[in-house]
Amino acid sequence: MKGASFPTHQRQWASDTVPATFSSTSSPGTEEFVEVTLDLQDDDTIILRNMELASTAITVDDGAYTSASTSRSPTIRKSSSNTLRQFSQGRKVEAVAKAKQFSQELKAELRKLSWGHGHAALTLPGSDSATAARALRKQRAQLDRIRSGAQKALRGLRFITNNEANAWEEVENNFNKLAKHGSLFRSDFAQCIGMKDSKEFAQEMFDALSRRRRLKVEKISKDELYEYWSQITDQSFDSRLQIFFDMVDKNEDGRITEAEVKEILTLSASANKLSRLKEQAEEYAALIMEELDHERFGYIELWQLETLLLQKDAYQSYSQALSYTSQALSQNLQGLTNKSRVRRMIKKLLYYLEENWKRLWVVSLWIMIMIGLFTWKFFQYKQKNSFQVMGYCLLTAKGAAETLKFNMALILLPVCRNTITWLRSTKLGLFLPFDDNINFHKTIAAAIAIGVILHAGNHLACDFPMLIKSSSDHYDLLINDFGSHKPTYLDLVKGAEGVTGILMIICMAIAFILATRWFRRNLIKLPKPFDRITGFNAFWYSHHLFIVVYILLVIHGVFLYLVHVWYRKTTWMYLAVPILLYAGERTLRFFRSGFYTVRLSKVAIYPGGVLALLMSKPPQIRYKSGQYMFVQCPAVSPFEWHPFSITSAPGDDYLSVHIRQLGDWTQELKRLFSEVCEPPVSGKSGLLRADDTTKKGLPKLLIDGPYGAPAQDYWKYDVLLLVGLGIGATPFISILKDLLHNIVKMEEQADLVSDSSRTSELRSGSNDSGTPNRVPPKRKKTLKTTNAYFYWVTREQGSFDWFKGVMNEVAELDQRGVIEMHNYLTSVYEEGDARSAFITMVQALNQAKNGVDIVSGTRVRTHFARPKWKKVLSKLSSKHCNARIGVFYCGLPVLAKQLSKLCYEFNQKGSTKFEFHKEHF
């Protein structure tokens with residue numbers, strides 16, 4: 001056994017079972033022996049649980065076992081005996097024989113290890129102490145690898161994520177497309193194997209695989225490609241680790257120097273679009289060498305790289321909840337109970353009603369009102385002479401006109417933001433879905449479009465032609481309405497009613513089309529100069545055509561052909577209150593924006609085109625976390641107001657907003673502030689900044705608000721799940737700060753009340769022990785929300801700079817674990833991918849050593865790829881049983897649908913209730 005290394009024993013380490021403990025030695029007596037804890041499986045697999053030196057001798061003979069130690073405690077002896085009796089007599093003999101053979105093989109190696117522990121300072125004559133120390137560490141590392149659970153840490157280092165059966169067929173098809181004269185060139189290797197986005201990394205892998213074959217080639221055949229593919233997709237961790245090591249070890253000397261570590265770090269950073277990591281590659285390479293090269297040889301070996309992979313999970317500080325597997329399983333099993341189809345449908349219906357009853361009753365009432373108005377007008381005109389001439393076309397047009405008057409009045413109410421913000425705080429918020437005000441506004445607009453088609457279409461295409469073609473006898477019934485001379489079609493169209501109606505249709509069509517998602521979000525790309533009709537500006541200005549529309553509507557309602565009594569011309573009656581309310585809102589906004597004078601105190605332009613504005617807080621303004629305000633910059637446009645979430649907490653003495661460059665207005669705003677910002681000075685980060693000391697004057701800003709948003713009701717929930725995509729994190733930054741400050745403050749107040757209560761009781765007891773127990777003072781009501789989970793998903797590393805200070809502040813102040821913050825960077829390959837392996841190792845190491853994440857530059861660890869949302873909600877559901885969890889989301893609509901669906905699924909399974917809310921702008 002001399003010179004043999006322990007890992008040469010090919011053992012299959014399996015799952016947990018009841019352990020059997022054996023102590024074995026070559027001969028009983030006083031010599032040293034080894035105690036080995038093993039698991040014996042039904043498939044003849046031996047699982048090593050523990051190995052240690054002991055002072056007990058056990059003689060094994062034909063399945064009988066006796067202890068030669070008198071110092072062994074009765075408890076241990078009894079435990080071992082009871083454990084072994086769990087096996088049948090036949091299995092006992094076989095198991096003990098295997099244990100004896102295995103322990104004899106281990107004896108020499110473990111003695112050597114024990115000698116190394118006890119005589120670390122001694123070296124063989126003429127040997128180097130550093131070399132001996134490294135050899136000892138290697139033996140320990142090899143021993144650690146074979147311990148139970150080690151394989152769980154070695155599931156990573158995948159080169160190819162697509163390991164399906166037909167994966168090679170796709171590669172083969174790519175080879176046939178890319179090959180030239182039957183050979184695949186090195187430059188096309190990445191595209192061929194599906195790593196097109198990591199071309200440099202794939203080429204390094206190509207070179208490493210070629211060096212294995214002692215070749216330096218620029219092209220390979222299909223057979224060679226298949227050989228490469230087999231090695232890349234090999235399920236053996238040892239094989240994958242060796243390939244990865246060979247990629248770094250370019251000179252094939254079996255050693256990795258600091259320069260080679262830096263090179264692979266730079267390559268990994270490039271593959272994952274981490275530009276800052278590339279700049280700091282030298283620093284992190286030195287960190288790895290410091291951790292692994294204790295003896296300062298200037299290089300590391302394969303086993304050391306493996307050690308770092310093994311220790312990665314131990315280094316990482318996951319701010320995740322504990323395991324709740326059993327609870328999650330029981331909840332999932334609830335959803336698998338066998339229920340009839342009718343019961344499932346009833347349950348779905350009840351859940352739908354529970355989630356949407358506010359919307360349902362409001363929409364139902366609105367539809368019933370429209371049906372009632374249409375029916376009333378329909379039958380009213382059926383009794384008139386005009387019906388005899390123009391028929392049902394007139395009835396349909398008049399019924400639609402009545403719904404149009406109602407909807408043209410109603411459509412203004414959902415955009416009266418000040419009124420809605422006030423009503424949110426009243427009891428009406430329990431019955432009305434104020435979060436859906438913009439959706440209701442859009443729904444009413446769709447109803448108006450249908451009403452216009454019915455009204456104008458029936459007039460222009462049906463009843464007008466019928467009037468013109470009517471006989472003299474029929475026309476005589478309408479002489480009081482149209483005069484003694486029958487009008488022509490042109491006379492009807494060019495009259496006040498016709499002209500105002502056509503102009504309204506044109507204005508409404510322009511506003512409606514430019515408000516659609518395709519035009520408002522620049523999804524339609526038009527050539528110049530027509531590109532100016534797309535974007536937010538076009539939507540903003542075209543929507544102000546409503547002023548013209550309402551003026552024309554009032555005129556249109558006065559000059560009616562068939563109504564001549566003023567009090568029956570009801571258009572103005574419908575419009576009076578809503579128009580006055582909306583006009584009052586706009587007047588209030590105008591004067592309030594001038595009254596809320598703000599002074600910019602700090603400006604910073606962050607990566608990703610984000611402009612951070614910190615301004616003085618007017619003493620009159622009061623807002624809640626999650627709300628937003630409108631911002632106007634007269635230097636950009638004296639008319640445009642744009643909404644932005646407030647990122648400062650209500651307790652802060654300043655206001656702040658973060659504005660991302662997405663449209664033409666935000667682009668111009670950023671350009672304007674870029675001109676006055678100054679380049680960074682020494683000692684500060686490389687951002688363009690401006691403050692009170694800036695020589696150039698800062699542009700003037702006007703603000704208006706605050707206005708209500710779904711996230712402002714966060715305090716109603718026991719637990720919060722806040723999900724932000726990119727700049728969508730802005731509504732939740734203020735919530736995190738405010739939530740933490742409030743919880744800490746209330747707990748401090750509760751502790752103070754408790755301490756004063758105890759002091760009062762002690763004093764009372766000492767003064768008068770015979771008095772009855774007094775009622776303790778009432779504690780102040782604590783905040784309902786106990787935990788918050790913040791998930792921020794972004795594509796760019798620079799995005800984390802936007803709220804770096806806030807994240808560090810929350811991480812520092814959150815001593816009670818109230819808030820869990822999870823950053824996700826989607827540009828980096830998921831953990832376990834070979835392209836991000838070195839980044840993951842450095843990240844874990846730096847987090848453990850310095851407490852800072854290398855990706856975000858904060859104390860919050862960054863995860864790679866996208867969150868597993870089903871797993872996230874499962875953990876929350878298990879951890880917070882019977883809790884009411886508010887799920888607040890701001891970002892792309894695609895994820896909103898996924899989260900909403902998951903909330904529905906988990907609400908069906910367990911006692912935890914998820915309520916989903918999406919921000920609307």
By side-chain hydrogen bond (donor to acceptor under 3.5 Å, both in side chains) - contacts of Tyr623 (at least two apart): Ser648
Determine yes or no for a side-chain-to-main-chain donor-acceptor pair under 3.5 angstrom, with Thr516 supplying the side chain and Ile513 the backbone. yes
Where do Ile839 and Ser268 come nearest, in terms of heavy atoms and distance? CD1-O, 3.6 Å
Which atom pair, heavy atoms only, marks the closest approach of Lys199 to Ser187? CE-O, 3.2 Å
Heavy-atom pair with the smallest gap, counting every atom of Pro710 and Lys918: CG-O, 3.7 Å
For Glu796, give me all partners under salt bridge (charged side-chain N to carboxylate O under 4.0 Å, His left out), at least two apart in sequence or on another chain. Arg660
Nearest heavy-atom contact between Pro706 and Ile646 is CB-CD1, 4.3 Å
Set of salt bridge (charged side-chain N to carboxylate O under 4.0 Å, His left out) partners for Glu258, sequence neighbours left out: none
Leu265 and Ala285: which non-hydrogen atoms are nearest, and at how many Å? CD1-N, 3.7 Å
Residues that Gln661 engages under side-chain hydrogen bond (donor to acceptor under 3.5 Å, both in side chains), provided they are two or more places apart: Lys670
Quick check, are the ring centers of Trp792 and Phe732 under 6.0 angstrom apart? no
Check: Ser270 side chain, Thr266 main-chain N or O, donor-acceptor pair, under 3.5 Å: no
Would you say that more than 12 heavy atoms from the other residues, nucleotides or ligands in this model lie under 6.0 Å from the CD of Gln667, or not? yes
Rounded to the nearest 0.5 Å, what separation is found between the SG atom of Cys507 and the CD1 atom of Ile547? 11.5 Å
Can you find a pair of side-chain heavy atoms, one from Phe864 and one from Val855, that are under 4.5 Å apart? yes
I'd like to check the salt bridge (charged side-chain N to carboxylate O under 4.0 Å, His left out) partners of Glu282; sequence neighbours left out, ordered by chain and number. Lys262
Flag, side chain of Gln627 to backbone of Gln712, donor-acceptor distance under 3.5 Å: no
So, taking the atom named CG in Leu698 and the one named CG in Leu672, what distance separates them when rounded to the nearest 0.5 Å? 9.5 Å
Knowing that exactly one of Tyr789, Tyr791, Tyr889 qualifies, which makes a ring-ring contact (aromatic ring centres under 6.0 Å, His included) with Trp869? Tyr791
If I take atom CG from residue Leu669 and atom CZ from residue Arg671, how far apart are they, to the nearest 0.5 angstrom? 10.0 Å
Close side-chain approach of Phe673 to Leu600, heavy-atom, < 4.5 Å: yes
Judged by atom type as modelled, is there a donor-acceptor pair below 3.5 Å linking the side chain of Tyr550 to the main-chain atoms of Met408? yes
For the residue pair Tyr714 and Leu722, establish whether any side-chain heavy-atom pair is separated by less than 4.5 Å. no
Counting only N and O atoms by type, is there a donor-acceptor contact under 3.5 Å from the side chain of Glu919 to the main-chain atoms of Gly891? no
Restricting to salt bridge (charged side-chain N to carboxylate O under 4.0 Å, His left out), what partner residues turn up for Lys737, sequence neighbours left out? Asp652
Taking the six-membered ring for Trp, are Phe888 and His917 parallel (under 30°), tilted (30 to 60°) or perpendicular (over 60°)? parallel
Backbone N/O of Leu274 and side chain of Asn272: donor-acceptor pair under 3.5 Å: no
Chi angles and distances behind the side-chain contact (heavy atoms from CB on, under 4.5 Å) call for Thr794, Leu825: CA-CA 5 Å; Thr794 183; Leu825 187 61; 4.1 Å; yes
Evaluate the ring planes of His642 and Trp540, with Trp represented by its six-membered ring, and classify them as parallel (under 30°), tilted (30 to 60°) or perpendicular (over 60°). parallel
With side chains defined as the heavy atoms from C-beta onward, is the minimum distance between Leu701 and Met615 less than 4.5 Å? yes
Could you tell me whether the side chain of Pro618 reaches within less than 4.5 Å of the side chain of Val598, counting heavy atoms only? yes
Rounded distance (nearest 0.5 Å) linking atom CG of Asp436 with atom NZ of Lys442: 11.0 Å
Who are the ring pair (Phe, Tyr, Trp, His ring centres under 6.0 Å) partners of Tyr582, not counting sequence neighbours? Phe546
Ser637: side chain to side chain contact (heavy atoms under 4.5 Å, CB included) partners, not counting sequence neighbours: Tyr541, Phe639, Glu640, Trp665
Pairs touching residues 726-736 that satisfy side chain to side chain donor-acceptor pair (under 3.5 Å), sequence neighbours left out: Ser625-Ser734
side-chain hydrogen bond (donor to acceptor under 3.5 Å, both in side chains) involving Tyr829 - partner list, sequence neighbours excluded: Ser198, Arg835
Does the pair Arg417 and Tyr628 meet the rule for a side-chain contact (heavy atoms from CB on, under 4.5 Å), with working shown? CA-CA 11 Å; Arg417 290 185 172 88; Tyr628 67 95; 3.2 Å; yes
Scanning both residues in full, the closest heavy-atom pair of Ala709 with Gly626 reads CB-O, 3.3 Å
Please check if the side chain of Asn823 supplies one atom and the backbone of Thr862 the other of a donor-acceptor pair under 3.5 Å. no
Residues in side-chain hydrogen bond (donor to acceptor under 3.5 Å, both in side chains) contact with Thr647, at least two apart in sequence or another chain: Ser656, His658
Taking the side chain as everything from C-beta on, heavy atoms only, tell me whether Thr858 gets closer than 4.5 Å to Val852. no
First locate atom CD1 of Ile288, then atom CD1 of Ile264, and finally report the distance between them rounded to the nearest 0.5 Å. 10.5 Å
Reported CG-to-OH distance for the pair Asp801 and Tyr606, which is rounded to 0.5 angstrom: 7.5 Å
Keeping Asn437 on the side-chain end and Val415 on the backbone end, is there a donor-acceptor pair under 3.5 Å? no
Evaluate the side-chain contact (heavy atoms from CB on, under 4.5 Å) criterion for residues Asp853 and Val860: first the C-alpha distance (whole Å), next the side-chain angles of each, then the deciding distance (0.1 Å), finally the verdict. CA-CA 6 Å; Asp853 182 73; Val860 181; over 6 Å; no
Selection residues 582-592 - residue pairs positive for salt bridge (Lys or Arg N to Asp or Glu O under 4.0 Å), sequence neighbours left out: Arg589-Asp704, Arg592-Asp704
With side chains defined as the heavy atoms from C-beta onward, is the minimum distance between Val806 and Leu736 less than 4.5 Å? no
Can you tell whether the side chains of Asp435 and Arg424 come within less than 4.0 Å, N to carboxylate O? yes
With a 4.5 Å limit on heavy-atom distance, are the side chains of Lys624 and Pro650 in contact? no
Is there a side-chain contact (heavy atoms from CB on, under 4.5 Å) between Ile727 and Trp802? Walk through the geometry before answering. CA-CA 9 Å; Ile727 198 65; Trp802 306 345; 3.9 Å; yes
